[in-house]
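Here is the structure we will look at, set down as structure tokens.
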Amino acid sequence: MTLRLLFNEIRSAVQKISFDLGYPAVVFDVSESSKPEFGDISCNIGFLLAKPLKKRPSEISESIAALYRTQKGSLVSEVNVHQSGYLNFTANNSVLVKSILESSTEKNYGEFDLGKGAKTVVEHTSVNPNKALHIGHVRNIIIGDTVARILHKANYDVNVLNYVDDSGLQVADIIVGFLYGGFSKEPPQGQKFDHYCGDVVYVNITERYETEKSLAEKRVLVLKELEEGRSEIAKFGDEITRRVLEEQLKTCWRLGVTYDCLNFESQIIRSSLWKTVFDKMKSLGIIYLEGEGKNSGCWVIKSDSVEEDKILVRSNGIATYIAKDIPYAAWKLGILDDPFHYKQYIVQKNHQVLWQTTLEDTGTRLDFTGDRVITVIDSRQSRLQNIITKIISDFKSGKKSYMHLGYESVTLSPDTAKTLNLETGGKSVQMSGRKGIYVNADYVLDILGVKTYEEAKKRNPELDDASLVKIAEQVAVGALRYAMIKQDLDKIIVFDLTESLSLEGDTGPYIQYAHARAVRILEKAGKTPEFGVSFDCLTTIHERGLAKAIGRFDIQVEDSARNLSPKLIARYCHELAVSFNSFYEHVKVLTAESPEMINARLCLVWSFKETLRKALDLLGIDAPDRM
RNA sequence: GGGCCUGUAGCUCAGCAUGGAUAGAGUGCUGGACUUCUAAUCCAGUGGUCAAGGGAUCGAAGCCCUUCGGGCCCGCCA
């Protein structure tokens, strides 16, 4: 069992006693005590009944406590009433610790069946394939990947999609660069192709549009060719975007992120999806052909608020940006006949197959849709995403639901902007691919890797280079992933290059270090911990605290899945590591006073190590054995 | 003008959904702990008008209202 059972036992007992005493039913809280001196668990029922019963909270709690003491379950050893009015419980230490440690040996420890196998789609990344991933994209990718992992742990059947906008303006820009801007198709020696496209070609061409009119004209032409397909230019575009995509995916894989299927915008455009959705919207009266005013001749989405109507199809018959997203949203929910076949893109590092859509008949039909679709995009897109959500709900697709998981953007600190020759006057600055204002993800990982390599070498001079490189990369990725996920989605992250190199305090490496310490204790013990024994000897505050932290895992998984709040798992990992480090400093394991004590503490260390590893896995962070 | 987000310690942030015990971390600064299971660690100290004002409540950082500061979005661009 975990702490959850203790909560449940107390909750139902208090409920029953309150009923037996003739008290009115109230929704009361059973939660962990805010301070150790208050016991393990606290209940606020006294406060809630104070008014209806016209008694002091402590008086009510006392009457419940008196009865509780006569009929304690197996998990509670003490019931106390604090003068403030709280009803406090102390757990039966030996039963609690033993059951937590034993459950933690189960392979699926921490799983909680919130989803009941519900089919869920998580779409994230979806970066235009004309540039390398920068640190802002990384936040999207890490949020999406972490949410997918957590939902999976909470028993949702998750499909992860990456939408590739291979026929948009941004791709057209680099194609113009190659065909008419004089850029070689091959990057200079040693440069990744995506970096080359983004850092050199894209930025340069965008600048030249200002002065070279002919280039700007080519841009319109190329865009048209890309949308229509078939032509030589379109084929060339396809070749380029696939090369960029492959490089982008390498960065994602480096971050430990994998996908189930790649969706290509060009194929959505050329499929029947748009026509079907367009007709459906017409027949539902969601959209109409504007006959007058400034939008005359356009198909527009009716707005029921004070906002202006949103144009879906221009007067020249070409669909707008949002129009491409609606059929895709409907496809993700599986409310349209699937026009695609599927073929394998690659087998990813974790042996998971990455599929891609195709319009060719491959004979392979698969289902990557879900009854619930979560689209991870930064909150600047909220307005458009709300429109899509509204339209999809108008399709009346039963229990199916579409939602936008938004998050605030990543900006660059004044100091980091300065390294890009940008003077911001002390303010942080929004990134922009077009203007070249960004920090590439690979670059951050590389310099982090150099630092973590040095640190690892300093501490483990006897390790061979390959091991050190591996550890360094794991720690670098851990540092970056943790930094991107630990704070609330609604908070802007101001990225500072120097600060990102900090590996102490509330960071990924701090947590990974706790794991490595635990592994070393287990290694040095030279024997396997034996669990079928009494753990009554684990009584110090450090041992109890660590055991309770371990017992909280499934509750954290449930919370974070229910609220789509990945940071809760990050906070949990940190809390586990803090508990362990405190234990480590105050309690000796290998030199404990008796073999029984050594074994009991080894079990605790083992449980901690396994639980932390599983929790870190939800964050996509590796737990190295040494560092 | 409208919409979304945000304001808590010098700095970066938890806590707010579901009101309750002395508002917590990290970082910074000051001091202490490595012949010890790895000091990427631990311990102690320092640091707060929870933006401001009002309201409902026995009780507010949290709920309601108003105001102020900061960010983002509102194109026949994507």
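In what follows, every chain begins at residue 1, and chains take the letters A, B, ... in the order their sequences are listed.
For B/rC16, there is no paired base (Watson-Crick or G-U wobble, both distances below 3.5 Å). Across all strands shown, B/rU27 forms a Watson-Crick or G-U wobble pair with B/rG10, both key distances being under 3.5 Å. Shown here, B/rU38 forms no base pair; nothing in the strands shown gives a Watson-Crick or G-U wobble contact with both key distances under 3.5 Å. Pair assignment for B/rA78 gives none, since no Watson-Crick or G-U wobble pairing has each distance under 3.5 Å.
Comparing the C1' positions of B/rC11 and B/rU57 gives a spacing of 36 Å, expressed to the nearest Å. Straight-line distance between the P atoms of B/rG1 and B/rC50: roughly 30 Å, to the nearest whole Å. Taking the P atoms as reference points, B/rC37 lies 41 Å from B/rA23, given to the whole Å. Between B/rC16 and B/rC63, the two C1' atoms lie 10 Å apart (nearest whole Å).
Among the protein residues, A/Ser42 comes within range of the nucleic acid bases, having at least one heavy atom under 4.0 Å from a base atom. Residue-level contact check: A/Asn44 touches neither bases nor backbone, having no heavy atom under 4.0 Å from any strand. Within the nucleic acid shown, A/Arg517 comes within 4.0 Å of sugar-phosphate atoms alone, with no base atom in reach, counting heavy atoms only. If you check every strand for non-hydrogen atoms under 4.0 Å, A/Tyr510 touches sugar and phosphate atoms only. Nucleic acid contact class of A/Asn563 (heavy atoms, under 4.0 Å, all strands): base. Within the nucleic acid shown, A/Lys310 has no heavy atom closer than 4.0 Å to any nucleic acid atom. Contacts of A/Gln170 with the nucleic acid, taken as non-hydrogen atoms under 4.0 Å apart, are absent. Within 4.0 Å (heavy atoms only), A/Asn88 reaches at least one base atom of the nucleic acid. Heavy atoms of A/Ser296 sit under 4.0 angstrom from at least one base atom. Across all strands, A/Arg459 comes closer than 4.0 Å to base atoms (heavy-atom distances). Within 4.0 Å of A/Ser382, counting heavy atoms only, lies no atom of the nucleic acid at all. Across all strands, A/Gln512 comes closer than 4.0 Å to no nucleic acid atom at all (heavy-atom distances). Contact annotation for A/Asp378: no contact, since no heavy-atom pair falls under 4.0 Å across all strands. Within the nucleic acid shown, A/Ala514 has no heavy atom closer than 4.0 Å to any nucleic acid atom.
Closest approach to the A/Ser315 side chain among B/rA40, B/rC76, B/rC37 is made by B/rC76 (side chain taken as heavy atoms from C-beta onward). Taking the side chain of A/Thr452 as heavy atoms from C-beta on, and the options B/rC37, B/rA40, B/rG15, the nearest nucleotide is B/rA40. Distance from the side chain of A/Ser84 is smallest for B/rA21 among the nucleotides B/rA21, B/rC13, B/rG71. Relative to the side chain of A/Lys524, the nucleotides B/rC58, B/rU38, B/rA40 differ in distance, and B/rU38 lies closest.
Taking the six-membered ring for Trp, A/Tyr86 and A/Phe47 have ring centres closer than 6.0 Å.
Using cut-offs of 30° and 60° for the angle between ring planes, the A/Phe608 and A/Phe580 rings count as parallel. Between A/Tyr163 and A/Tyr328, the ring-plane angle classifies as parallel under the 30° and 60° cut-offs.
A distance of 12.0 Å separates OG of A/Ser560 from OH of A/Tyr572, quoted to the nearest 0.5 Å.
The side-chain ring of A/Phe38 is stacked on the base of B/rA21, judged by centre separation under 5.5 angstrom and plane angle under 30 degrees.
Between A/Lys218 and A/Glu225 there is no salt bridge, since no side-chain nitrogen of the basic residue lies less than 4.0 Å from a carboxylate oxygen of the acidic one.
When side chains are defined from C-beta on, A/Val410 does not count as touching A/Ile492, because their heavy atoms never get closer than 4.5 Å.
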